[in-house]
Amino acid sequence: MTPAALRPLLLRCDAAAPACARPALVVALRSLDGDASVPVLRDAAADLRAAYERIAPPRVGHVRTAREAHGDRFRAPWCDPCDDPAELRPLAACVAAVYAVEALATGERESRVEHYQRAAEGWL
């Protein structure tokens with residue numbers, strides 16, 4: 001996986017992104033150019049994930065939602081926002097795309113980068 005493979009995905013996300021996602025997308029694009037440090041990228045990804053989780057529907061009582069079950073298997077329930085409203089899909093795509101860039105920047109397995117990339121593409 002190369003940074004060049006993720007740039008078009010980030011640009012597609014940016015075209016559909018809500019305003020709260022734009023700062024993290026800028027940091028992710030800068031990271032692909034080598035202009036953002038890993039800690040800055042991690043902070044941007046965490047802020048974006050927090051924005052998604054603030055907007056996502058609350059988890060109800062003791063009933064486990066699909067989002068929670070998915071979160072048990074992966075770090076990121078937004079990779080499969082299957083029980084969330086369709087309006088959240090662009091934001092979920094942005095979160096997944098930024099996490100793909102972070103995974104690439106931190107040297108995670110290529111399969112992890114591809115997992116986040118597929119999630120982002122799936123929600124655009």
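Qualifying side chain to side chain contact (heavy atoms under 4.5 Å, CB included) partners for Asp47, counting only residues two or more places apart in sequence or in other chains: none.
The shortest non-hydrogen separation linking Ala5 to Pro8 is O-CD, 3.7 Å. Of all heavy-atom pairs between Ala97 and Ala120, the closest is N-CB, 3.7 Å. For the residue pair Tyr52 and Leu91, the shortest heavy atom distance occurs at CA-CD2, 3.6 Å.
Residue Leu88 holds its CG atom at 11.5 Å from CD of Glu53, rounded to the nearest 0.5 Å. Here the CG atom belonging to Leu41 is positioned 9.5 Å from the CG atom belonging to Leu104, to the nearest 0.5 angstrom. The SG atom of Cys20 sits 6.5 Å away from atom CG of Leu48, with the distance rounded to the nearest 0.5 Å. Between the OH atom in Tyr99 and the CD atom in Glu108 there is a gap of 10.5 Å [rounded to 0.5 Å]. Taking CG of Leu25 as the reference point, atom CG of Leu11 lies at 9.0 Å (rounded to 0.5 Å). Interatomic distance, Glu102 CD to Arg112 CZ, rounded to the nearest 0.5 Å: 10.5 Å.
For the pair Val26/Asp14, no side-chain contact is recorded, criterion being any heavy-atom separation below 4.5 Å from C-beta on. Leu9 places a side-chain heavy atom less than 4.5 Å from the side chain of Leu124.
Val40 and Leu32 end up in the same hydrophobic cluster when Ile, Leu, Val, Met, Phe, Trp and Tyr side chains are linked at under 4.5 Å.
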Practice item. Mind running side-chain contact (heavy atoms from CB on, under 4.5 Å) on Leu6 and Val113 for me, showing each step along the way? Key: CA-CA 10 Å; Leu6 293 176; Val113 177; 4.3 Å; yes
Practice item. Report the C-alpha distance between Arg49 and Val98 in whole Å, list the side-chain angles of each, state the deciding distance to 0.1 Å, and finish with yes or no for side-chain contact (heavy atoms from CB on, under 4.5 Å). Key: CA-CA 9 Å; Arg49 184 186 69 225; Val98 171; over 6 Å; no
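Pairs engaging residues 25-34 under the side-chain hydrogen bond (donor to acceptor under 3.5 Å, both in side chains) rule: Arg7-Asp33 [sequence neighbours left out].
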